[in-house]
Amino acid sequence: MYSCLMQERYDAAAVERAAQDYWERHDSFAAREDAGREKYYCLSMFPYPSGRLHMGHVRNYTIGDVVARFMRMQGRNVLQPMGWDAFGLPAENAAIANGVPPAAWTRDNIAYMRRQLRALGFAIDWRREFATCDADYYRWNQWLFLRMRERGIAYKKTGVVNWDPVDRTVLANEQVIDGRGWRTGALIEKREIPMYYLRITAYAEELLAALDELPGWPERVRVMQANWIGRSEGVELSFPYEADTRALLAARAADEQGALKVFTTRADTLFGVTFVAISAEHPLASAAAARDPRLAAFVDACRRGSTMEADVAAAQKHGMATGLHARHPLTGAPIEIWVANYVLMAYGEGAVMGVPAHDERDFEFAQRHGIAIRTVVKSAGGAYERVGDQWQREYAEDGVLVESGEFTGLSSRAAIDAIAAALQRRGLGCKRVQWRLRDWGISRQRYWGCPIPLIHCEQCGEVPVPDDQLPVRLPEDLVPDGSGNPLARSAGFIHCQCPTCGRPARRETDTMDTFVDSSWYFLRFACADQSHSPVDERAHYWLPVDQYIGGIEHAILHLLYSRFWTRAMRDLGLVTLSEPFANLLTQGMVLNHVYYRAPAEGRRQYLNPAEVEPQFDAAGVRVGAVSLIDRQPVEYGGLGTMSKSKNNGVDPQTLVERYGADTARLFMMFAAPPEQSLEWSDEAVQGQHRFLRRLWKAVFDHVAAGPAPPLDVASLSSRERELRRQAHQALAKVTADIARRRTFNTAIAAVMELLNAVGHFQAGVQDGDVNARAVRQEALQIAVLALSPIVPHICHSLWHALGHGGAVIDERWPEPDSAALSQAMVELIVQVNGKLRGRVRLPANATRQQAVDAALAEPAVQRFIAGKQVGKAIHVPDKLVNLVV
RNA sequence: GCGGACGUGGCGAAACCGGUAGACGCAGCAGACUUAAAAUCUGCUUCCUUAAAAGGGAGUGUGGGUUCGAGUCCCGCCGUCCGCACCA
């Protein structure tokens with residue numbers, strides 16, 4: 001008998017080894033295409049191989065694993081793959097710090113993290129594993145890029161980057177700290193360089209509209225994406241240049257369209273324009289700066305600092321007049337042109353019209369610089385007559401036009417149409433749709449990424465690498481030192497022959513944004529061994545991903561790029577689907593306490609929570625801590641995302657070694673629902689471990705007396721029927737919580753309740769009570785099956801211990817028995833005026849009359865209705881009666 | 001600044017469709033077992049009032065509103081977190 005093999009003590013390490021050996025021996029998680037079975041593709045966002053798993057990974061992959069194992073027990077043909085998002089900046093940083101080539105560092109990390117993932121017992125089909133730095137994968141990035149380039153989806157234009165003038169290198173936003181280079185401390189400049197872009201804006205309309213057809217996505221993510229894409233309808237209009245501006249541009253032989261283009265959603269305020277503002281990167285700004293040293297200095301100052309939009313938007317708004325003018329498109333009045341640091345070159349035309357009376361930002365700008373404020377819209381509700389000295393929200397609202405020539409008296413809405421029509425007649429404007437979304441710049445001046453497959457030939461210009469010469473392999477032995485891209489100094493990489501004319505030529509040294517790598521890896525998992533094309537028919541079987549799981553921080557960029565890239569591949573005839581992810585779960589962050597010391601000078605020093613002893617005030621609130629190393633006080637900085645920079649990470653490895661993978665998994669799933677942030681707690685981890693020991697002990701005690709007799713439902717006592725009801729109720733709850741709600745924490749709580757009920761039930765059972773043993777066997781089986789997706793190792797052992805020859809992984813998920821669930825009597829609560837005043841027990845499905853009569857007869861209730869007239873009685877069947885007096 | 005979310009006991013949370021606020025767990029307290037400790041088991045544990053119990057009252061960041069009834073819906077405010085295009 002299996003129970004003889006069971007030892008009394010729960011030994012997590014031995015249990016986990018046994019289960020993992022079994023799965024490996026039976027190749028349990030190999031996914032095979034089978035047209036006769038309904039597939040289920042469960043995917044967690046692949047990790048960046050940073051060195052070791054962090055808690056966020058454990059959480060992400062446990063959620064995915066629970067869903068995958070649950071769906072498998074539901075009978076679906078499940079694919080759960082894993083790979084590595086292996087290109088990126090940290091590998092270069094490690095190279096700079098340690099002199100190790102990024103390739104070697106990355107592959108070592110992958111080897112270590114793969115062992116960690118295996119130790120956690122995830123049901124992954126490892127045969128499909130790949131890393132994005134494998135040439136077998138990134139060759140298809142290159143191939144797809146070339147197809148997009150042929151179709152004009154990929155095109156070249158200039159873009160703005162952070163330039164470190166000391167290291168003479170382009171920096172990522174992350175490498176710019178307070179406007180200075182992270183290594184050199186030099187003030188960063190914005191610099192324009194040629195780059196490749198992907199025309200995601202051509203898909204903007206479709207990407208926006210299709211959000212409505214993604215019911216399996218969280219509302220908040222769909223809203224964020226819609227706002228990010230940002231469709232706005234408005235008017236594009238031209239302010240013709242005045243003579244002064246024309247003369248200047250002519251002298252510089254500069255571009256001459258003869259007019260400054262702007263886009264506005266508020267064309268109704270056109271007569272209130274008292275200035276136009278252009279970005280410091282606008283060509284007109286450099287032209288004006290060339291003849292005005294003060295303006296040149298201002299433009300220069302605008303060029304310093306970060307390119308990040310958040311920084312730009314939060315910065316103090318500055319501006320300076322150029323002395324140049326444009327003409328109002330309808331009145332012909334001269335309008336002064338200003339340079340302003342809050343105007344973004346990347347959005348719209350890099351120029352905006354300034355209407356101080358009806359736009360808050362323009363209002364502030366005009367007040368600071370003494371620019372006139374012209375009221376041209378009066379609120380329809382009469383909230384104001386004329387714009388005053390203090391900004392009020394009503395100023396920006398729609399209304400009726402005043403002092404606007406022939407348009408005076410029109411409503412804002414009608415005025416926009418009329419003014420657009422008037423502009424169109426003059427050839428100075430038209431209605432159009434503007435997107436907030438910008439095309440996706442994919443060129444990176446970095447080594448550790450996928451080479452862009454282009455060759456520069458003096459004779460032939462820019463030539464694509466022919467397909468039969470792909471992949472353009474990235475040399476893996478270079479070590480970046482922080483001063484520019486080492487590819488540019490690698491003779492072996494750079495020198496090549498022009499594919500067209502055969503003359504010596506130079507290879508492109510820019511690599512692709514790593515978001516390219518992650519924009520289609522989910523397709524490649526379907527057919528990772530395919531060497532003739534990026535995808536094949538197996539992708540038709542597995543895609544779309546049925547459940548995608550990843551951090552909320554990816555809610556916009558990665559998910560939007562993947563949606564776009566999938567459509568681009570569709571338009572290249574490679575796949576038929578448009579949306580890659582049918583259902584999305586965005587997990588919350590993993591948080592821990594932050595402790596630090598703030599020296600008088602220099603940066604904060606963060607201490608790991610494991611190195612401090614927290615201190616609490618009288619109310620039990622955490623106020624500070626003492627270092628365990630030097631016994632000196634430490635500041636408490638609240639809760640923060642686990643991160644290297646705050647030194648508040650907890651190593652999953654230690655956790656797994658001390659308590660086992662099942663405890664780690666259980667804690668992660670129990671501490672919070674998956675979409676919420678999760679707080680680390682050492683004590684709670686111990687609590688989860690305790691629960692597993694209790695579960696183990698309960699099964700051990702049960703099986704110690706030998707096999708359980710068969711269940712005879714007809715002969716059960718009321719206590720036994722009650723335990724059956726609790727078991728099947730728990731099963732129904734777990735099923736709904738995992739399948740529909742994805743609230744694993746409440747699913748676990750339901751099984752905990754069941755186990756508590758088994759314990760209480762046990763206390764009143766006589767030895768040798770056959771029915772009691774049969775009912776308890778059923779309850780424990782339900783507990784083990786229900787927990788098996790979450791803590792699969794211990795359940796593997798317990799299932800055998802309960803007398804089953806097969807593996808729990810191959811069991812079907814049971815259906816709750818509706819007969820076991822039914823109850824003869826139910827409790828109704830009785831409220832008086834909405835306040836709880838009593839309870840009554842009634843047969844299930846009692847009528848309204850029965851319920852109200854019982855409520856009125858209840859003594860506890862009568863005290864509150866005595867002497868009063870019961871006016872109305874609300875009855876919710878089997879739930880409550882509310883008496884209104 | 002813009003966009004999105006969240007706010008419930010000492011703590012993590014639960015309350016799924018507007019119907020018993022605090023399930024489940026952590027920490028704490030008391031007891032059992034033990035020479036002792038650990039482990040384990042049992043019980044208690046939102047606050048106020050009361051010696052205690054019974055009973056009553058208050059209570060889901062905050063101020064209003066809708067409703068027979070609001071943690072849940074609506075409006076305002078305060079606070080915290082995430083994203084903002086070269087971190088992944």
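Residue numbering restarts at 1 for every chain, and letters A, B, ... go by the order of the sequence lines.
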* Could you summarise the pairing of RNA chain B as dot-bracket text, marking Watson-Crick and G-U pairs under 3.5 Å with ( ) or [ ] inside the strand and | across strands? => (((((((..(((......[....))).(((((.......))))).((((.....))))..(((((..]....))))))))))))....
* When every nucleotide of nucleotides 14-22 of chain B is labelled 5' to 3' by its protein contacts under 4.0 Å (heavy atoms), B for base, S for sugar-phosphate only, - for none, what sequence of letters results? -> SSB--BB--
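Inspection of the A/Ser50 and A/Asn109 side chains reveals no N or O donor paired with an N or O acceptor under 3.5 Å. Defined by atom type and a distance below 3.5 Å, a donor-acceptor pair is present between the side-chain atoms of A/Glu675 and A/Thr586. Using modelled atom types and a 3.5 Å distance limit, the side chains of A/Asp737 and A/Thr746 yield a donor-acceptor pair. No side-chain N or O of A/Arg183 forms a donor-acceptor pair with one of A/Gln175 less than 3.5 Å apart.
Atom pair A/Met224:CE and B/A5:C1' shows a separation of 7 Å (rounding to whole Å applied). Here the P atom of nucleotide B/G7 and the CD atom of A/Glu679 are 13 Å apart, to the nearest Å. One atom, CG of A/Leu754, and another, C1' of B/C24, lie 13 Å apart when rounded to the nearest Å. Note: CD (A/Glu675) to P (B/G7) measures 13 Å, nearest angstrom. In this structure, the CD atom of A/Glu174 is 11 Å from the P atom of B/C84, given to the nearest Å. Spacing between atom OH of A/Tyr10 and atom P of B/A39 amounts to 18 Å, rounded to whole angstrom units. The NE2 atom of A/His593 sits 13 Å away from the C1' atom of B/G10 (whole-angstrom rounding). Here the P atom of nucleotide B/A85 and the CZ atom of A/Arg436 are 9 Å apart, to the nearest Å.
Residue contacts shown for A/Lys835 are limited to sugar-phosphate atoms, with no base heavy atom under 4.0 Å away. Residue A/Gln175 is out of contact with every strand shown, counting any heavy-atom pair closer than 4.0 Å. A/Arg9 comes within 4.0 angstrom of nothing in the nucleic acid, heavy atoms only. The residue A/Phe864 sits close only to the backbone: its heavy atoms come under 4.0 Å of sugar-phosphate atoms, none of a base. Using a 4.0 Å heavy-atom cutoff across all strands shown, A/Arg863 reaches sugar-phosphate atoms only and no base atom. Residue A/His554 is classed as a base contact, given a heavy-atom separation below 4.0 Å to a base. Using a 4.0 Å heavy-atom criterion, one finds that A/Ala310 contacts the bases of the nucleic acid, with or without backbone contacts as well. In this structure, A/His54 reaches neither bases nor backbone, as no heavy-atom distance under 4.0 Å exists between it and the strands shown. Nucleic acid contact for A/Met308: sugar-phosphate only, since backbone atoms but no base atoms lie under 4.0 Å from a heavy atom of the residue. Within the 4.0 angstrom heavy-atom criterion, base atoms lie near A/Phe515. Across all strands, A/Met512 comes closer than 4.0 Å to no nucleic acid atom at all (heavy-atom distances). Using a 4.0 Å heavy-atom cutoff across all strands shown, A/Trp228 reaches at least one base atom of the nucleic acid. Among the atoms of the strands shown, base atoms are found under 4.0 Å from some heavy atom of A/Phe670. Note on A/Val161: a base of the nucleic acid sits closer than 4.0 angstrom, heavy atoms only.
The side chain of A/Asn756 lies closest to B/C24, out of B/C24, B/G4, B/A88.
Phosphate contact (OP1/OP2 of B/G1, side-chain N/O of A/Arg361, threshold under 4.0 Å): absent. For A/Asn173 and B/C84, the shortest distance from a side-chain N or O to OP1 or OP2 is not below 4.0 Å. Contact check, A/Thr514 against B/A88: a side-chain N or O comes under 4.0 Å of OP1 or OP2. In this model, the phosphate group of B/A38 is not approached by any side-chain N or O of A/Arg690 to a distance below 4.0 Å at OP1 or OP2.
Going from the P atom of B/U20 to that of B/U72 covers 13 Å, rounded to whole Å. For the P atom pair drawn from B/G22 and B/C33, the interatomic distance equals 34 Å after rounding to whole Å. B/G12 and B/C84 are spaced 31 Å apart, taking the C1' atom of each and rounding to whole Å. B/C78 and B/G64 are spaced 15 Å apart, taking the C1' atom of each and rounding to whole Å. Nucleotides B/U42 and B/A27 have their P atoms positioned 15 Å apart, rounded to a whole Å. A gap of 11 Å separates the P atoms of B/A70 and B/U60, to the nearest Å. Look at the P atom in both B/U50 and B/G43: the space between them is 30 Å, to the nearest Å. A distance of about 27 Å separates the C1' atoms of B/C17 and B/G9, rounded to the whole Å.
Two residues, A/Trp440 and A/Arg220, neighbour RNA chain B, and the one matched to the more 5' nucleotide by heavy-atom proximity is A/Arg220. Closest-nucleotide positions on RNA chain B for A/Leu437 and A/Gln686 were compared, and the one nearer the 5' end corresponds to A/Gln686.
Note that A/Lys157 lies in the cation-pi zone of A/Tyr197, set by a 6.0 Å cut-off to the ring centre and a 45° limit from the axis.
Residues A/Asn162 and A/Val170 have side chains not in contact (no heavy-atom distance under 4.5 Å, counting atoms from C-beta outward). Residues A/Val312 and A/Asn341 are not in side-chain contact: their nearest non-hydrogen atoms beyond the backbone lie 4.5 Å or more apart.
Taking A/Arg444 as the reference, A/Asp513 meet the salt bridge (Lys or Arg N to Asp or Glu O under 4.0 Å) condition, with sequence neighbours excluded.
In this structure, A/Phe564 and A/Trp440 have perpendicular ring planes: the angle between them is above 60°, well past the 30° mark. Relative orientation of the A/Tyr521 and A/Phe46 rings is parallel, given thresholds of 30° and 60° on the angle between their planes. Under the 30°/60° scheme for interplanar angles, the aromatic rings of A/His54 and A/His57 are found to lie parallel.
Anti is the classification of B/C44, since its glycosidic angle lies more than 90° from 0. Shown here, B/G71 is classed anti by the O4'-C1'-N9-C4 or O4'-C1'-N1-C2 angle, which is more than 90° from 0.
For an aromatic pair to be called close, the ring centres must be under 6.0 Å apart, and A/Phe700 with A/Tyr10 fails this.
A salt bridge is defined here as a Lys NZ or Arg NE, NH1 or NH2 lying under 4.0 Å from an Asp or Glu carboxylate O, and A/Arg191 with A/Glu281 fails to meet this definition.
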